[in-house]
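Shown next, in structure tokens, is the structure this report addresses.
Convention: sequence-line order gives letters A, B, ...; per-chain numbering from 1. All of these numbers come straight from a predicted model, not from anything done at the bench.
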Number of protein chains: 2
Amino acid sequence: MAIGRPSPSSSQTPDPGAARRPSRARGIPEATVARLPLYLRALTALSERSVPTVSSEELAAAAGVNSAKLRKDFSYLGSYGTRGVGYDVEYLVYQISRELGLTQDWPVVIVGIGNLGHALANYGGFASRGFRVAALLDADPNVVGSTAAGLPVRHMDELEEIVASQHVSIGVITTPPGAAQQVCDRLVEAGVTSILNFAPTVLTVPDGVDVRKVDLSIELQILAFHEQRKAGDEPAAGDSVLDRAPGPVRAAAAKLRRAAGGKAEQAKTAPAAKGGPDDDLSAVMPA
Amino acid sequence: MAIGRPSPSSSQTPDPGAARRPSRARGIPEATVARLPLYLRALTALSERSVPTVSSEELAAAAGVNSAKLRKDFSYLGSYGTRGVGYDVEYLVYQISRELGLTQDWPVVIVGIGNLGHALANYGGFASRGFRVAALLDADPNVVGSTAAGLPVRHMDELEEIVASQHVSIGVITTPPGAAQQVCDRLVEAGVTSILNFAPTVLTVPDGVDVRKVDLSIELQILAFHEQRKAGDEPAAGDSVLDRAPGPVRAAAAKLRRAAGGKAEQAKTAPAAKGGPDDDLSAVMPA
DNA sequence: CCATCTTTGTGCACACGTTCACAAACGCAT
DNA sequence: ATGCGTTTGTGAACGTGTGCACAAAGATGG
Ligand SMILES: NC(=O)c1ccc[n+]([C@@H]2O[C@H](COP(=O)([O-])OP(=O)(O)OC[C@H]3O[C@@H](n4cnc5c(N)ncnc54)[C@H](O)[C@@H]3O)[C@@H](O)[C@H]2O)c1
Ligand SMILES: NC(=O)c1ccc[n+]([C@@H]2O[C@H](COP(=O)([O-])OP(=O)(O)OC[C@H]3O[C@@H](n4cnc5c(N)ncnc54)[C@H](O)[C@@H]3O)[C@@H](O)[C@H]2O)c1
């Protein structure tokens, strides 16, 4: 069972219309763009095994999608297949790479070289697709000067110079959430126009700047939701009749909730109530 | 500018209909489920500042979505707001937590304690939402026995016992891609029914098992696509007329591509061609 | 050159997700 | 009670994404 991610997923920044972008810049739908890297990975594997051609059915299986979707996706790139035969692997690898902009080199800066920043710096799959770590940056003097994956960690003060001189347009943020917006602003100011954010914060950026986020915690919560659904899915108490009921009853319930007042009480008592989270209310509002 | 991720972001496993799951188990759409953690995070911040109520407009801004979407999302949970006032922060925190299944404890195992596994083990935001690291596992004898974030790294042989005795239903895979499917199979066999996969591989699982993936490389490639679009978006050569042309011309082009044969040549010559990636073909097929 | 078999490319219908816009509900002041 | 300003909850329109199913394109063999 695969869980649908409006892709957002996961990746993983939703909200297609948030910035009034028709999303379909030159005809390639977002959903297709998000799958191209998947196809590319599968094709690269085939290429390494010197497989000359592949059918939509085979490739779709390797990429974990359905073949009609794959064919439609490819149709946005042009007619690169041969009926009765399939797709030429090498040719397709190149076409997709070109479409994704991977035929050029993308220097990237990573800001915040803690646990996660270190792991990313050491990640080999980075360089394999045209992404090159231009610099590792941190604000902590104790971290600056050390090395990670053979690269020196440099101070944030050097950011502007690095971005400008190396034409960096992609930045990765792995700082604590409190520093993320500030770091983001500085990256944007320096000229970065694409940001991959690992900090659990909503980043605000000007038009023209893209943000994608990776949030472990969100992914786990989504899994928990489905897990809960699988295990049991009891009528689940809670969700009291009060809240579904129309008219003055609901209003009274709402009033009570607010009246229950300051924070902790409500948050603690509710989960504690065993027959359902609204027991406390039902006790006050019997009918 | 926010890039749309059919969020499936997100995040980050697309394909809602892949396993014939109507996706809308008890009425809550996947897209909404994926946003609930976002709302929850914003609400938690408000709660810590002792803000009693919040309007859809304010909360939407904090979560980075539009207010109509937020209201519709909440409407799937029930009528928890008060017209003219807004939503009770504490009450909403609890309702969303309950809906996501966060009122209970979720033990999690992490398999593959390398760079990334270490970072995840050290991640504090883990425990903060009811997720508890039940065990760290690895196959490498050199790693087993060491500690990460105060927890001992245990051998894969113990997996089955740990999953069974601690009722673990969520597993995180941070092994190299080559080992991921095998590890996945073993997790599933042991009883895990939700998997978060960091390895760049397509995992195959039986029905009833959920998989979500986090793939840094895919995120960067999507950013690169949009970055390329922003910078220039030149007619981009390539995409030769041959391939758009109908009839025998296209067929001939396809034939030539295949005939060009073994791998390297095609992949290398194409990007090298300066006037466009299909120049090599145009040279052979002038008209 | 024709028949047959395979596989692409796509029109179409439908499902899902987003946004608008507004009536109904509510708090509050008079 | 009544009226007024505010904000929710949702019907309806629209846009995006998915999957079916099939005609047309091409391969292949006679
Ligand atoms: N570790 C994980 O597995 C994990 C998982 C999911 C999300 N995250 C998120 O990723 C981020 C990093 O996590 P981590 O575990 O690596 O944290 P960390 O504390 O180990 O590292 C953070 C680094 O950022 C640096 N930093 C702080 N403020 C800075 C600033 N203003 N400018 C530049 N650098 C600054 C710190 O010096 C530190 O080196 C956090 O936001 C965390 O919530 C981490
Ligand atoms: N490091 C990153 O930032 C990063 C980013 C994106 C994706 N990834 C992916 O995450 C995975 C882990 O990355 P990493 O950098 O931590 O790699 P790593 O090599 O540092 O760690 C992998 C760990 O998995 C263990 N392992 C190998 N086979 C195993 C098996 N069959 N059972 C149990 N454990 C096994 C190894 O002993 C090792 O400790 C890789 O698939 C990588 O592609 C990593």
Side-chain angles (χ1 to χ4, degrees), chain A residues 4-8 14-18 20-24 27-35 53-60 65-88 92 243-244 246-255 258-259, chain B residues 4-8 14-18 20-24 28-35 53-60 65-88 92 243-244 246-255 258:
Chain A
R5 168 206 295 166
S7 167
D15 231 327
R20 212 67 0 90
R21 166 101 91 56
S23 158
R24 159 173 313 229
I28 302 187
E30 260 313 300
T32 295
V33 172
R35 280 188 295 267
T53 61
V54 65
S55 71
S56 63
E57 207 72 48
E58 294 166 323
L59 185 54
V65 303
N66 120 357
S67 69
K69 201 188 304 194
L70 179 142
R71 285 198 300 277
K72 182 148 291 190
D73 284 342
F74 285 175
S75 78
Y76 293 114
L77 309 185
S79 292
Y80 295 146
T82 306
R83 297 175 192 224
V85 175
Y87 299 89
D88 181 284
L92 203 46
D243 291 312
R244 293 278 182 191
V249 185
R250 249 201 70 245
K255 185 174 207 160
R258 250 170 304 122
Chain B
R5 168 208 292 168
S7 195
D15 230 328
R20 212 64 3 89
R21 166 101 90 55
S23 156
R24 163 175 308 231
I28 303 186
E30 260 312 302
T32 296
V33 171
R35 279 187 295 267
T53 61
V54 64
S55 71
S56 63
E57 207 71 49
E58 295 165 322
L59 185 54
V65 304
N66 117 359
S67 69
K69 202 189 301 195
L70 178 142
R71 284 198 299 278
K72 180 143 289 195
D73 284 342
F74 284 176
S75 79
Y76 293 114
L77 309 185
S79 293
Y80 295 146
T82 305
R83 297 172 191 227
V85 175
Y87 300 88
D88 181 283
L92 204 44
D243 291 312
R244 293 278 182 191
V249 184
R250 249 202 71 244
K255 185 173 205 161
R258 249 169 306 122

Return the value, rounded to whole Å, for the distance between atom [atom1] of [X] and atom [atom2] of [N].
X	N	atom1	atom2	result
B:K69	C:dT18	NZ	P	4 Å
A:D88	D:dA27	CG	P	13 Å
B:L70	C:dT18	CG	C1'	13 Å
A:L77	C:dT8	CG	P	15 Å
A:N66	D:dG17	CG	C1'	12 Å
B:D73	D:dT10	CG	P	13 Å
A:L92	C:dG9	CG	C1'	14 Å
B:E58	D:dT8	CD	C1'	14 Å

Begin with the C-alpha distance, continue with both residues' side-chain angles, and end with the deciding distance and a verdict on side chain to side chain contact (heavy atoms under 4.5 Å, CB included) for B:D88 and B:T82.
-> CA-CA 8 Å; B:D88 181 283; B:T82 305; over 6 Å; no

Just jot down the side-chain contact (heavy atoms from CB on, under 4.5 Å) partners of B:S55, sequence neighbours excluded, or say none.
-> B:E57, B:E58

Mind checking ring pair (Phe, Tyr, Trp, His ring centres under 6.0 Å) for B:Y87 and listing every partner two or more places apart, or none if nothing turns up?
-> B:F74

Between the protein and nucleotides 22-24 of chain C, which nitrogen or oxygen pairs come in under 3.5 angstrom?
from, atom 1, to, atom 2, distance (Å)
C:dA24, N3, B:R83, NH1, 2.9

Selection from [options] that lies nearest to any side-chain heavy atom of [X]:
X	options	answer
B:S55	D:dG9, C:dT10, D:dT8	D:dT8
A:T82	D:dT10, D:dG26, C:dG9	D:dG26
B:Y87	D:dG19, D:dT8, C:dC20	D:dT8
A:S75	C:dG27, C:dG9, C:dC20	C:dG9
B:E30	C:dG17, C:dT19, D:dT18	C:dG17
A:S79	C:dG9, D:dG19, C:dT8	C:dG9

Determine whether any donor atom in the side chain of A:K72 lies under 3.5 Å from an acceptor atom in the base of D:dG17, or the reverse, and answer yes or no.
->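 Side chain to base: no pair below 3.5 Å.
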
When the nearest nucleotide of DNA chain D is assigned to A:G84 and to B:V54 on a heavy-atom basis, which residue is associated with the more 5' position?
-> B:V54

So, for B:S56 and B:S67, which heavy atoms are closest and what is the spacing to 0.1 Å?
-> O-CB, 3.8 Å

Closest approach of A:Y76 and A:G27, non-hydrogen atoms and distance?
-> CD2-O, 3.7 Å

Counting any heavy atom closer than 4.0 Å, what does A:F74 reach on the DNA or RNA strands: base, sugar-phosphate only, or nothing?
->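 A:F74: no heavy atom of the nucleic acid under 4.0 Å.
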
